[in-house]
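Note: hydrogens, waters and symmetry copies are ignored here, and every other heavy atom, side chains too, is used.
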Amino acid sequence: MADRYNIRETEEKWRKIWDEKNVFHVTETSDKPKYYVLEMFPYPSGRIHMGHVRNYSLGDVVARYRTAKGYNVLHPMGWDAFGLPAENAAIERGAHPKDWTYENIAAMRVQMKQMGLSLDWGREVTTCAPDYYKHEQKMFLDFLKKGLAYRREMMVNWDPVDNTVLANEQVIDGKGWRTGAPVERRKLNQWSLKITAYAEDLLSAIQTLDRWPEKVRIMQDNWIGKSQGLRFTFDLTGRSEKLDVFTTRPDTLFGASFAAMAADHPLAKDLCAGKDGFDEFVKKCQAQGTSEAAIEQADKFGFDTGFTVDHPFIAGKTLPLYLANFILMDYGTGAIFGCPAHDQRDFEFATKYGLEITQVVAPADGSEVTLPYTDTGVLIHSDFLNGQSVDAAKATAIAKMESLGRGQGVTQYRLRDWGISRQRYWGCPIPIIYCESCGVVPVPDNQLPVELPYDVTFDAPGNPLERHPTWKHTTCPHCGKAATRETDTFDTFFESSWYFARYTDPNNAKIGFAKEKASYWLPVDQYIGGVEHAVLHLLYSRFFTRALSECGYMDTPEPFAGLYTQGMINHMTYKDKDGKWLYPKDVMKDASGNWVLLADPHSPVTAGRVEKMSKSKRNTIDPQDILDTYGADAARMFILSDSPPDRDLEWTESGLDGAWRFINRLHRLVTDNKNLILTAPVGEASEAAQKLQQKAHQTLAKVGSDIEAFHMNKAVARLRELTNMIEAFQPASGDTGLYREAVEFALRGLNPMIPHITEELWAELGHTTLLAQTSWPRINPAFLVEDSVTIGVQINGKLKATITLPIDAPAAEAEKLALSDSGVIRALEGKAVRKVIVVPNRIVNVVVG
RNA sequence: GCGGGCGUGGCGAAAUCGGUAGACGCAACGGACUUAAAAUCCGUAGGGCCGCAAGGCCUGUGGGGGUUCAAGUCCCCCCGCCCGCACCA
């Protein structure tokens with residue numbers, strides 16, 4: 001196949017040219033409007049995966065398209081380079097985290113460059129570099145000054161064998177993943193950021209994020225979890241202890257039949273220590289699943305303390321006090337009152353323990369209800385609340401409590417402050433010094449950065465920084481006496497909470513970024529990434545933007561104006577005859593269409609479900625293999641076609657083949673017809689050529705709006721249609737000008753998706769400027785309006801014929817034409833026409849009776 | 001359990017201010033080229049039925065009801081699948 005398109009060589013050639021000409025380099029000095037496209041930066045695991053390919057292909061389409069549309073486009077890339085995998089590699093393979101990380105970055109950079117992305121590599125950011133993290137140490141100290149950072153005691157998962165804190169995902173069935181030792185809950189002093197200070201703002205500003213997926217906005221809303229309610233105090237009957245409770249349903253107080261608190265409530269121990277079954281109950285609570293789903297579906301159970309509390313409004317009435325497994329110490333006050341008639345959990349609990357159930361809310365229309373009834377209504381059996389609506393009764397109950405001085409209306413959030421201390425080596429050191437005389441002392445600015453030492457070992461349990469012979473020993477900046485450094489490092493979400501701002505000024509040695517540059521580029525106009533970051537990363541970044549603004553770094557209300565979350569990449573799974581998972585590249589279809597082993601065609605293979613690509617199921621495709629054999633354009637095109645980007649995509653070899661075939665066809669279309677394309681037209685253009693021209697203009701207009709709406713699959717389909725039409729077109733001597741225009745429109749429309757081949761063919765047609773720097777075609781609006789339209793003719797709603805008539809033709813004309821259609825006449829034979837409905841340019845419907 | 005989403009040919013999907021369902025592609029089948037294959041090109045195609053054919057009839061967007069001249073699209077009920085959930089007061 002000598003005339004076959006040589007991908008490797010050609011793609012490589014154009015990447016080199018883009019690189020040499022510095023095509024994707026941008027500055028703030030431009031009179032074009034700015035556009036900031038950002039894909040979530042990768043963790044440098046060593047190799048890119050298909051999720052990356054999808055993410056960056058999407059971003060690159062947006063970046064190249066916006067560039068063509070005349071924007072000054074910032075499209076940067078970097079590395080989220082701190083994190084646990086580097087330490088695991090150190091422990092498992094003896095590699096140093098730093099060396100391992102930098103080697104991975106080098107390898108992945110090569111792969112990413114092979115994708116032909118329009119990135120400004122001059123802005124590459126690596127978060128594990130002291131040049132980067134020194135700025136966030138400064139930010140932390142600024143937060144500290146503003147009271148946005150503080151220390152508090154927090155519960156952690158502690159592995160007693162490794163002497164280390166475990167992340168939640170490192171706890172498997174209550175045991176450490178590596179040691180298998182039962183995990184202890186331990187209290188540690190931890191640095192925290194006061195994200196709760198912005199709870200209200202983070203919540204209300206969600207409304208301004210109108211270019212975010214609704215799904216993500218709802219998740220953030222739920223995460224912040226605002227609720228209004230009443231906080232009040234129960235007196236324990238005949239005792240001095242008091243119990244604070246929080247409720248969102250103060251209106252149901254007269255239906256209260258018990259009070260309950262968390263097993264680890266401080267009062268629980270005071271009241272129940274030594275009681276029969278208490279320890280066992282606490283253990284049972286700790287052993288139960290901690291997820292919301294688990295709690296919701298778990299059986300409700302409790303422990304009767306034997307004490308009672310006094311009802312605040314009903315003199316002489318007492319309520320039994322329980323410990324209950326569905327009460328959480330972290331939320332509200334860790335204690336509630338139960339109203340079984342109007343709460344599902346309370347109902348289950350009361351039924352189980354034979355507690356009274358008093359209905360206090362009834363539907364406004366007086367209809368019968370089955371309990372528990374959680375809808376709104378009017379109050380009954382509730383003394384001074386009787387007859388009030390639920391909302392009014394809530395307000396009345398709160399007012400009454402406040403006037404009695406026993407409680408008050410409060411706003412509660414589920415959001416908790418962000419604990420940022422990690423007992424790990426491969427993270428940014430927290431710039432704090434502990435002095436016996438002066439206490440907690442911030443590291444002075446002129447001593448930043450506090451750098452990670454390189455000479456550490458991973459042969460013993462615990463944090464290497466803690467064991468390092470000299471690193472943590474220093475002197476107190478205040479008194480000069482011997483002191484020790486904080487050995488904890490930042491949560492790695494810290495780095496990713498401001499990297500988007502660093503890209504605007506990546507080489508600034510003095511400060512994280514200059515305010516003017518951040519103001520110019522931010523907010524990110526289009527952020528693209530996986531939905532798995534819908535809450536934490538995005539919320540932390542929103543918080544940082546606020547906190548940094550308060551500290552004078554920037555003045556941007558929100559970091560990401562537009563957000564797009566892509567779907568996952570799935571692939572069929574395969575198992576061999578022994579039930580072991582097989583890689584797709586190790587299987588094939590034999591002559592009769594059965595799956596067999598590539599290495600042994602007699603050995604059958606079972607093909608299973610299409611599932612998310614995962615290492616454990618081995619249903620992964622290595623992008624490197626695809627890039628090497630099919631090239632970047634084919635990989636990009638396939639991953640963009642077929643499925644809408646927010647949906648899961650099934651990766652198939654045949655689909656990829658289809659993209660590959662298209663690229664080769666496009667290549668043949670241009671090279672085989674090159675002379676014809678470049679021949680100057682003689683005489684008038686034919687009607688067919690004008691139709692082709694119109695199609696080209698219409699296509700490009702729609703491709704533009706498709707890309708802006710992230711309908712990449714539709715954009716690809718339309719461009720294929722245009723290409724099909726061009727292929728089928730035989731230009732006459734007067735047509736070559738319009739023929740050329742159509743071919744070039746196709747290349748220009750396809751360029752954001754398949755930049756290499758289109759650049760090659762553009763040059764082939766004699767252009768000396770780069771397609772990557774060519775603006776989007778000017779669309780002639782006259783071509784966007786059709787002069788005729790083909791509409792359906794229905795009889796009683798069923799299609800019988802189609803008619804073609806001028807656009808905006810009068811209804812009478814459409815009716816006349818429809819009724820004169822031979823098919824329609826035949827279908828109407830012997831039937832009485834009752835009515836003819838004509839919707840201009842849409843439909844004619846003949847109603848017969 | 002709560003919250004969100006989805007369900008259209010053999011497959012991925014188009015079409016949603018209600019107005020010709022299945023664009024585009026994959027797989028399949030038939031044909032051309034070839035000694036043969038690959039590649040490429042041309043053609044067929046939701047399902048069922050009638051017809052030599054041209055063509056025609058019926059049916060069809062998870063299931064059941066409803067609104068409408070007209071429903072994939074709007075309303076009600078049901079079924080199935082997927083995602084999120086910090087131990088929600």
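Nucleotides B:C42 and B:G80, compared at atom P, are 47 Å apart to the nearest Å. When the C1' atom is used for both B:G9 and B:G46, the distance is 5 Å, rounded to whole Å. Comparing the P positions of B:A70 and B:G60 gives a spacing of 15 Å, expressed to the nearest Å. Straight-line distance between the P atoms of B:U67 and B:G55: roughly 38 Å, to the nearest whole Å.
A:Arg718 contributes no side-chain N or O that, together with a main-chain N or O of A:Thr699, makes up a donor-acceptor pair within less than 3.5 Å.
Nucleotide B:G25 holds its C1' atom 15 Å from the CE atom of A:Met753, rounded to whole Å. In this structure, A:Leu719 atom CG and B:A23 atom C1' are separated by 14 Å, rounded to whole Å. Atom OH of A:Tyr630 is separated from atom P of B:C26 by 13 Å (rounded to the nearest Å). B:U16 atom P lies 10 Å from atom NE2 of A:His711, rounded to whole Å. Note: NZ (A:Lys831) to P (B:C69) measures 19 Å, nearest angstrom. Summarising the geometry, the separation between NZ on A:Lys702 and C1' on B:A15 is reported as 12 Å, rounded to the nearest angstrom. Residue A:Asp642 contributes atom CG, which lies 10 Å from atom P of B:A14 at whole-angstrom precision. Atom P of nucleotide B:C26 and atom CZ of A:Arg665 are separated by 8 Å, given to the nearest angstrom.
For B:C26, one of the phosphate oxygens OP1 or OP2 lies less than 4.0 angstrom from a side-chain nitrogen or oxygen of A:Arg661. Contact annotation: A:Lys612 side-chain N/O to B:C82 OP1/OP2 distance is not under 4.0 Å. Taking only side-chain nitrogens and oxygens, A:Lys800 never comes nearer than 4.0 Å to OP1 or OP2 of B:G56. An OP1 or OP2 oxygen of B:U59 is reached within less than 4.0 angstrom by a side-chain nitrogen or oxygen of A:Lys798. Phosphate contact (OP1/OP2 of B:G25, side-chain N/O of A:Asn724, threshold under 4.0 Å): present. OP1 or OP2 of B:A70 has not a single side-chain nitrogen or oxygen of A:Asn796 nearer than 4.0 Å.
Map A:Asn841 and A:Met568 each onto its nearest nucleotide of RNA chain B; the residue landing nearer the 5' end is A:Asn841.
With its glycosidic angle more than 90° from 0, B:G48 adopts the anti conformation.
Applying the salt bridge (charged side-chain N to carboxylate O under 4.0 Å, His left out) rule to pairs touching residues 246-260 of chain A yields A:Arg249-A:Asp251, sequence neighbours excluded.
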### Task
Please assess A:Tyr353 against A:Tyr322 for the test ring-ring contact (aromatic ring centres under 6.0 Å, His included), listing each intermediate value before the final yes or no.
CA-CA 10 Å; A:Tyr353 293 101; A:Tyr322 281 82; 5.5 Å; yes
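Aromatic rings from A:Phe493 and A:Trp418 are positioned such that their centres are separated by 6.0 Å or more.
Listed by chain and residue number, A:Phe301, A:Phe303 satisfy the ring pair (Phe, Tyr, Trp, His ring centres under 6.0 Å) test with A:Phe281 (two or more places apart in sequence, or in another chain).
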